[in-house]
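Input: a single structure, listed below in structure tokens.
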There are 2 protein chains.
Amino acid sequence: MNIKEASQQTGVSSAAIRYYEKEGLIPAIDRTEVGNRDIDNRILRRIRFVTQMRSAGMSIENLRRYIQLFDAQEDNTKEQRALLQEQLAVMEEKRDDLQAAIDHLNYKLAHFDDHMASTEAELRALEAQHQSERDS
Amino acid sequence: MNIKEASQQTGVSSAAIRYYEKEGLIPAIDRTEVGNRDIDNRILRRIRFVTQMRSAGMSIENLRRYIQLFDAQEDNTKEQRALLQEQLAVMEEKRDDLQAAIDHLNYKLAHFDDHMASTEAELRALEAQHQSERDS
DNA sequence: CCTTGCCTTCAAGTGAACTTTAAGGGTTAC
DNA sequence: GTAACCCTTAAAGTTCACTTGAAGGCAAGG
């Protein structure tokens, strides 16, 4: 499959696929006899994985470190494990922030039809709610 | 409280606080007689809220739209409700991507001490797992 | 043979979200 | 009075993650 088709299948631009390859986020792609990229399902899966992680907010730099670790043939060291755990902690915090924001929005939507003069009262109520969740 | 103290309390730089005010992400801040910002707890809460949403991946632009809606004194329209729901959908997708990535990492960590030549086998296993979650 | 449409590399450009710099003002401490 | 810190605005600079442009190659169609 050429890069155009890969782009259509993944929703990632051709230029971005080339960029991801250059940055080491996806493996080096095989070439045809004339030098064009020939993309297989393995690469497609990798592109989708990168998209997912990027959408989840992981930086290119951290993603590269993570993927190099994941691809490593050598023995896994304590250092590598620490990197994974560090990434995990960052992502869990992000997820929790996101969940809090989602709660916020859901609360707003639930009370959307009420007349509500006081935005501040709502904010305080939500904060109290999140606080008590954290306390428990 | 002056901007420096607010910066220390929130972990947001003074320049970023000014930027957020200029962009309408936090309300206009009261000034002292000489024109310096005088930041109260209400503003502090707003700064923390912005930080949380930004960390969760919401853009300045969407955050501004959301906050203006939230602060609106006027009647809430269908359009406003639609905006909230749109934001909610974006954030839920982000959260789910994040959760999938966290699962990925946890799987990797759980199998860290195993010898594992095949990274690809892992990727396939995870994808199958997520697929079955989606199917269920 | 030349246009269309794919591809290539490399370099420069872009938009978002800040950060840094410049130029200046007010208040307290020596 | 001048140095040390705080503050102000406006504008320019920086970083990230791409996007766009330039210049060219290969293959099919009219």
Side-chain angles (χ1 to χ4, degrees), chain A residues 1-26 28-40 43-44 46-68 87 90 94 97 101, chain B residues 1-40 43-44 46-68 87 90-91 94 97 101:
Chain A
M1 154 187 342
N2 65 18
I3 199 165
K4 182 125 197 262
E5 197 181 337
S7 169
Q8 284 160 355
Q9 299 232 354
T10 58
V12 176
S13 75
S14 298
I17 293 174
R18 292 192 193 99
Y19 172 74
Y20 287 159
E21 184 188 15
K22 203 177 86 183
E23 293 299 318
L25 268 53
I26 55 179
I29 301 172
D30 287 345
R31 303 308 178 103
T32 64
E33 55 295 337
V34 295
N36 291 3
R37 287 173 182 78
D38 186 15
I39 295 175
D40 60 16
I43 302 292
L44 274 189
R46 289 305 196 91
I47 293 169
R48 294 202 181 96
F49 175 67
V50 168
T51 307
Q52 193 180 55
M53 299 296 253
R54 292 282 310 119
S55 160
M58 192 182 267
S59 71
I60 297 287
E61 169 64 21
N62 278 345
L63 194 43
R64 177 174 36 229
R65 294 201 299 157
Y66 171 66
I67 284 172
Q68 282 169 357
Q87 289 304 326
V90 167
K94 251 183 217 299
D97 279 354
Chain B
M1 154 188 343
N2 65 19
I3 199 167
K4 182 123 196 262
E5 199 182 336
S7 169
Q8 284 159 355
Q9 299 232 353
T10 58
V12 177
S13 76
S14 298
I17 293 173
R18 292 192 193 99
Y19 172 74
Y20 287 159
E21 184 188 14
K22 205 176 86 184
E23 294 298 318
L25 269 52
I26 55 179
I29 301 172
D30 287 344
R31 303 307 178 103
T32 64
E33 54 295 339
V34 297
N36 291 2
R37 287 173 181 81
D38 187 13
I39 295 174
D40 60 17
I43 302 292
L44 274 190
R46 290 305 196 92
I47 295 169
R48 293 200 182 98
F49 175 67
V50 169
T51 308
Q52 194 179 51
M53 300 294 256
R54 291 284 308 119
S55 160
M58 190 181 269
S59 71
I60 297 288
E61 169 63 20
N62 279 345
L63 195 42
R64 178 176 34 231
R65 293 201 298 158
Y66 171 67
I67 284 172
Q68 281 169 357
Q87 288 304 324
V90 168
M91 288 164 68
K94 248 181 218 300
D97 279 354

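Naming convention: chains lettered A, B, ... in sequence-line order (proteins, then strands); numbering from 1 in each chain.
- The side chain of B/Asn2 places an N or O atom within less than 4.0 Å of a non-bridging phosphate oxygen (OP1 or OP2) of D/dC7.
- Counting to the nearest Å, the P atom of C/dT19 and the CD atom of B/Glu21 are 16 Å from each other.
- Note on A/Arg18: every side-chain N or O is 4.0 Å or more away from OP1 and OP2 of C/dA11.
- The shortest distance between side-chain heavy atoms of B/Met91 and B/Met53 falls below 4.5 Å.
- If you take CZ on A/Arg37 and CZ on A/Arg18, they are separated by 5.5 Å, rounding to the nearest 0.5 Å.
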For nucleotides 2-4 of chain D, which of its nitrogen or oxygen atoms have a protein nitrogen or oxygen under 3.5 Å away, and what is each distance?
none

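- For the pair A/Asp30 CG and C/dC7 P, the computed distance is 16 Å after rounding to whole Å.
- B/Lys4 has its NZ atom 19 Å from the P atom of C/dT27, to the nearest Å.
- Within the structure, the salt bridge (charged side-chain N to carboxylate O under 4.0 Å, His left out) test picks out the following pairs touching residues 51-61 of chain A (sequence neighbours left out): A/Glu61-A/Arg64.
- Between the CG atom of B/Asn62 and the P atom of C/dA16 there is a distance of 11 Å, given to the nearest Å.
- The side chain to side chain donor-acceptor pair (under 3.5 Å) test applied to B/Ser55 returns A/Asp97, not counting sequence neighbours.
- Between the side chain of B/Glu21 and the backbone N or O of B/Ile29 there is at least one donor-acceptor pair closer than 3.5 Å.
- You'll find the side chain of A/Leu44 reaches within 4.5 Å of the side chain of A/Met1, heavy atoms only.
- Computed from C1' positions of five pairs at each end, the angle between the two local axes of the helix from C/dC1-D/dG30 to C/dC30-D/dG1 equals 30°, rounded to 10 degrees.
- Residue B/Ile43 comes nearest to B/Ile26 through the heavy atom pair CG2-CD1, 4.4 Å, listed as atom of the first residue, atom of the second, then distance.
- The OG atom of A/Ser13 sits 8.0 Å away from atom OH of A/Tyr20, with the distance rounded to the nearest 0.5 Å.
- Taking CD from A/Gln9 and CD1 from A/Ile39, the interatomic distance works out to 10.0 Å, rounded to the nearest 0.5 Å.
- Among C/dC7, C/dT9, D/dC7, the nucleotide with an atom closest to any side-chain atom of A/Ile3 is C/dC7.
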Nucleotide by nucleotide, 5' to 3', does protein get under 4.0 Å of the base (B), only the sugar-phosphate (S), or neither (-) in nucleotides 10-28 of chain D, counting heavy atoms? -------BBSB-----SS-

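- Remark: B/Asn2 engages B/Lys4, B/Glu5 in a side chain to side chain contact (heavy atoms under 4.5 Å, CB included) (not counting sequence neighbours).
- Looking at the side chain of B/Arg37, the nearest of the listed nucleotides D/dC6, C/dT8, D/dT9 is D/dT9.
- Summarising the geometry, the separation between CD on B/Glu23 and P on C/dG15 is reported as 15 Å, rounded to the nearest angstrom.
- Remark: the backbone N or O of A/Ile3 is not paired with any side-chain donor or acceptor of A/Ser7 at under 3.5 angstrom.
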